[in-house]
Protein chains: 2
Amino acid sequence: MDTDDEFRIELPHRELLDQILDKWSLSVLNELCERPCRFNELRRAVPQVTQKSLTATLRRLERNGVIEREVVSTRPVAVRYRITPLGKTLRPPVDVLLAWASENMPAIARAREAFDAQAGSD
Amino acid sequence: MDTDDEFRIELPHRELLDQILDKWSLSVLNELCERPCRFNELRRAVPQVTQKSLTATLRRLERNGVIEREVVSTRPVAVRYRITPLGKTLRPPVDVLLAWASENMPAIARAREAFDAQAGSD
DNA sequence: CAGGATCCGGCATGATACTG
DNA sequence: CAGTATCATGCCGGATCCTG
């Protein structure tokens, strides 16, 4: 029973996951889930991210509606990022995934060692 | 132990997610969840992936223990990939995530439109 | 059939300098 | 403080050719 008539242009979720689960998004969302943050607060919270990448990440997350950007017109200007209701709903699925990662980290580590050992003895 | 150290080397899960949730992994895992596949079967199932990327993806997934590679020494040689028990445990978390994606796709689409419209009026 | 090896282009990422 | 602009680059992914 071959149903090869199904058009499969790669999962539509793929693009979405790329936007929300990319390199720095989880760290940023993790911070913003606890409290609203300013730009440089986030930089300090995630020291490895460069300013450029952080800007890109924030823009992307904002565009997808999971975080909000609020500009406070004080003297030098202040920007506060906070998570949106939509962004909060992202937490449980991500936690499930991270739970899986934590739980299976040892098994995966073992698998890697076995694989690398076998590859090395070749 | 001081807390001022920059010991905060990004989430340990980050690297794991990169390996398992990368561009083609979900499509491949999705196929292998249904049935074991040979190399070119997978190529047909995921037409967009190149041979190189597919090889890399399979290697990576195999190294992390979520799929298995079985070489059948027939004449031209046959290789069968199948999902492992560990790989099967990955399904629920991924499904939860994809469910979230499906459920919130409309909201995200709206957020994007709003964002783009505002950006366009600049 | 199932890959390995190689070349190459694009984009993501990083470092640096500058601005409102 | 919160970015933008620019340049350099590294790596991913695609295309092509070759092998057991």
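Because the structure is predicted, anything quoted here is derived from the model rather than measured. Throughout, protein chains are lettered first and strands after them, A, B, ... in sequence-line order, and every chain is numbered starting at 1. Side chains are part of it too, since the values below use all heavy atoms of this structure and drop only hydrogens, waters and symmetry mates.
Between B:Ser53 and D:dG14, a side-chain N or O to OP1/OP2 separation shorter than 4.0 Å is present.
Across all their heavy atoms, B:Pro106 and B:Glu103 have their closest contact at CD-O, 3.5 Å. Across all non-hydrogen atoms, the minimal contact from B:Ile67 to B:Thr84 is C-CG2, 3.5 Å.
Terminal axes of the helix from C:dC1-D:dG20 to C:dG20-D:dC1 (five pairs each, C1' rotation axis) are separated by 50°, to the nearest 10°.
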Quiz item: Which is it for A:Arg91 and A:Asn30 under the side-chain contact (heavy atoms from CB on, under 4.5 Å) test, yes or no, and what are the steps along the way?
Solution: CA-CA 9 Å; A:Arg91 186 105 210 215; A:Asn30 188 44; 3.3 Å; yes
Quiz item: Should B:Ile83 and B:Leu90 be marked as a side-chain contact (heavy atoms from CB on, under 4.5 Å) after you check the CA-CA gap, both sets of side-chain angles, and the distance that decides it?
Solution: CA-CA 10 Å; B:Ile83 198 157; B:Leu90 182 56; over 6 Å; no
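The CD atom of B:Gln48 sits 9 Å away from the P atom of D:dG14 (whole-angstrom rounding). Look at NZ on A:Lys23: it is 7 Å from C1' on C:dT13, rounded to the nearest Å. Distance CD1 (B:Ile67) to C1' (C:dA2): 14 Å, rounded to an integer number of Å.
Cluster membership check: B:Phe39 shares its hydrophobic cluster with B:Val71, using side-chain heavy-atom separations under 4.5 Å among Ile, Leu, Val, Met, Phe, Trp and Tyr. B:Val96 and A:Leu17 sit in two unconnected hydrophobic clusters of ILVMFWY residues. Membership requires side-chain heavy atoms under 4.5 Å apart, directly or through other members.
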Quiz item: How does each nucleotide of nucleotides 1-8 of chain D score, in 5' to 3' order, for protein heavy atoms under 4.0 Å: base (B), sugar-phosphate only (S), or none (-)?
Solution: BSSBBBB-
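For B:Arg80, the side-chain contact (heavy atoms from CB on, under 4.5 Å) partners two or more places apart in sequence, or in a different chain, are B:Pro36, B:Glu70, B:Arg82.
Here A:Asp116 does not pair with A:Arg112 in a salt bridge; the nearest charged N to carboxylate O distance is not below 4.0 Å.
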